[in-house]
Amino acid sequence: AEHGGYEAGDRLVNEDTKKRMAEMLREIQDGTYADRWIEEDANGRTSFSRRRASEHQHTIEHVGRGLREMMAFLERSGLLEKTLFIYMTDNGANSGSKRLRGGKGAVYEGGTRVPCIMYWKGRIEGGVDCNGLTGHIDLSPTFAELAGSDAPVPGDKRWDGRSLLPLMEDPGADWGARYGFGHRTRWGTAPGARYATAAIRDARWKLVFPKSELYDLDKDVREEHNVADQHPEIVKALKAQYDAWWEDIQPYLVNDNLKDAPDTHKPYHDLYREQLGQARFEEAMRLMTWKGGKPYGKKKARRAKPKKK
């Protein structure tokens, strides 16, 4: 799905980008970050308003301050060398990307390619890049291996991802062939949505549906040049892999093909209750933006907090 990105290395974070990031951090430290955005806005170089620039600066400061405090606590507690830090995002930016095509909700790289930064004192230090095709689905099997667990996945299931430990220990390790799938969920009938807002990629090639656009990401990460006509065999191979994946996930699409399902009995509601309990479910539903909960909510009305008795 578009939620949960794939991280395909550091090719976008070039030396110029790293330099600008370092400058930004210095400006935040000396309090001139928002001023520069405002000055550039006056010169027509950015759309940031004074309010947005200030909010942006305070957000970064808040995240940085929280991280520093947490690391200091772990250091004092003797836990820093036992803690793995992972920073990543769940999808592309809402407003899209200046360097990539698409944004949140799209299956182009601007919607699915996200940063993934790791730090583990004594194990993973700075200045190391990894170009392996990895994703959010790899985190659970990674944590399981780090914990020394070889127990099977509960319910006789299997991991969707694979452990990142080989790449964490050696960024140049052989990662093998891999495919990443993108599909914008929340459809009404699964068969009709098979190729709607969907894509499949490997380490180099990406096939985007429904028009079967093919992009060579090694040469065209912006996805500007459709080369499907030049490589029909690659289109055919990727489509076959996508179709096999689609058939494999059908038993797990518990929310699809539902018509007029009552709010009190939906498959994903029942699974949530079973795993986390009725009280947690009711609180989650209260916090959902639209009445009834996405994707079935129809009224743009927030759920009211229960009145105190």
Side-chain angles (χ1 to χ4, degrees), residues 1-9 12 88-97 99-116 132-139 157-162 177-259 267-268 294-296:
E2 76 278 10
H3 281 281
Y6 277 88
E7 202 292 320
L12 291 182
M88 64 184 298
T89 63
D90 67 335
N91 47 244
N94 289 339
S95 57
S97 169
R99 303 192 64 191
L100 298 173
R101 182 175 177 179
K104 179 179 179 179
V107 293
Y108 292 104
E109 291 297 277
T112 59
R113 180 184 288 242
V114 302
C116 180
L133 178 58
T134 62
H136 63 295
I137 56 177
D138 299 323
L139 295 181
K157 296 181 173 61
R158 55 184 172 81
W159 294 118
D160 288 324
R162 60 173 78 163
R178 183 166 210 196
Y179 298 99
F181 302 91
H183 193 290
R184 185 171 181 177
T185 57
R186 301 170 186 156
W187 53 81
T189 56
R194 183 176 190 135
Y195 301 115
T197 319
I200 176 176
R201 62 159 297 176
D202 59 18
R204 176 179 178 181
W205 301 96
K206 183 170 182 180
L207 183 64
V208 181
F209 301 108
K211 297 181 180 180
S212 293
E213 308 159 45
L214 182 68
Y215 299 101
D216 182 348
L217 297 179
D218 279 352
K219 300 177 180 179
D220 179 29
V221 74
R222 294 176 182 265
E223 297 168 295
E224 296 175 327
H225 308 289
N226 180 4
V227 294
D229 290 343
Q230 292 101 292
H231 303 280
E233 73 287 353
I234 295 176
V235 172
K236 182 179 180 181
L238 288 176
K239 183 178 181 297
Q241 290 290 338
Y242 178 87
D243 288 339
W245 169 79
W246 181 260
E247 295 301 326
D248 183 58
I249 66 171
Q250 291 307 299
Y252 307 103
L253 304 183
V254 298
N255 297 314
D256 299 305
N257 303 309
L258 297 178
K259 293 183 179 180
Y268 77 106
K294 296 177 181 179
Y296 303 102

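Keep in mind that the numbers below use all heavy atoms, side chains included, and drop hydrogens, waters and symmetry copies.
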Report summary line: So the side chain to side chain donor-acceptor pair (under 3.5 Å) pairs with at least one residue in residues 205-216 (sequence neighbours excluded) are Arg101-Tyr215, Tyr108-Glu213, Glu109-Lys206, Arg204-Asp216, Lys206-Glu223, Glu213-Tyr215
Report task. Please list, chain by chain and in numerical order, all residues satisfying salt bridge (Lys or Arg N to Asp or Glu O under 4.0 Å) with Asp248, sequence neighbours excluded. Result -> Arg158
Query raised in the report: Can you tell me if His183 uses its side chain to pair, donor with acceptor, with the backbone of Ala193 under 3.5 Å?
Result: yes
Query - Nearest non-hydrogen partners of Thr89 and Pro115, listed with the distance - result: OG1-CD, 3.7 Å
Report task. Report the residues that fulfil side-chain contact (heavy atoms from CB on, under 4.5 Å) with Ala228, sequence neighbours left out, ordered by chain and then residue number. Result -> Leu214, Asn226, Val235
Report summary line: Of all heavy-atom pairs linking Tyr242 and Ala198, the shortest is OH-CB, 3.2 Å
Query - Glu247: side chain to side chain donor-acceptor pair (under 3.5 Å) partners, not counting sequence neighbours - result: Arg194
**Report entry** Asp138 side chain to Arg162 backbone, donor-acceptor under 3.5 Å
**Finding:** yes
Query raised in the report: How long is the span from the CZ atom in Arg178 to the CZ atom in Arg201, to the nearest 0.5 Å?
Result: 10.5 Å
Query - Atom of Thr197, atom of Val107 and distance for their closest heavy-atom approach - result: O-CG1, 3.5 Å
Query raised in the report: With a 4.5 Å limit on heavy-atom distance, are the side chains of His136 and Val114 in contact?
Result: no
Query raised in the report: For His225, which residues count as a ring pair (Phe, Tyr, Trp, His ring centres under 6.0 Å) partner, sequence neighbours excluded?
Result: none
Report summary line: Sorted by chain and residue number, the side-chain contact (heavy atoms from CB on, under 4.5 Å) partners of Glu233 (sequence neighbours excluded) come out as His231
Query raised in the report: What's the spacing between Thr112 OG1 and Phe181 CZ if we round to 0.5 Å?
Result: 13.5 Å
Query - Gln241: side-chain contact (heavy atoms from CB on, under 4.5 Å) partners, not counting sequence neighbours - result: Tyr179, Ile200
Query raised in the report: Taking only residues two or more places apart in sequence or in another chain, which ones pass side-chain contact (heavy atoms from CB on, under 4.5 Å) with Lys239?
Result: Tyr195, Leu207, Phe209, Asp243
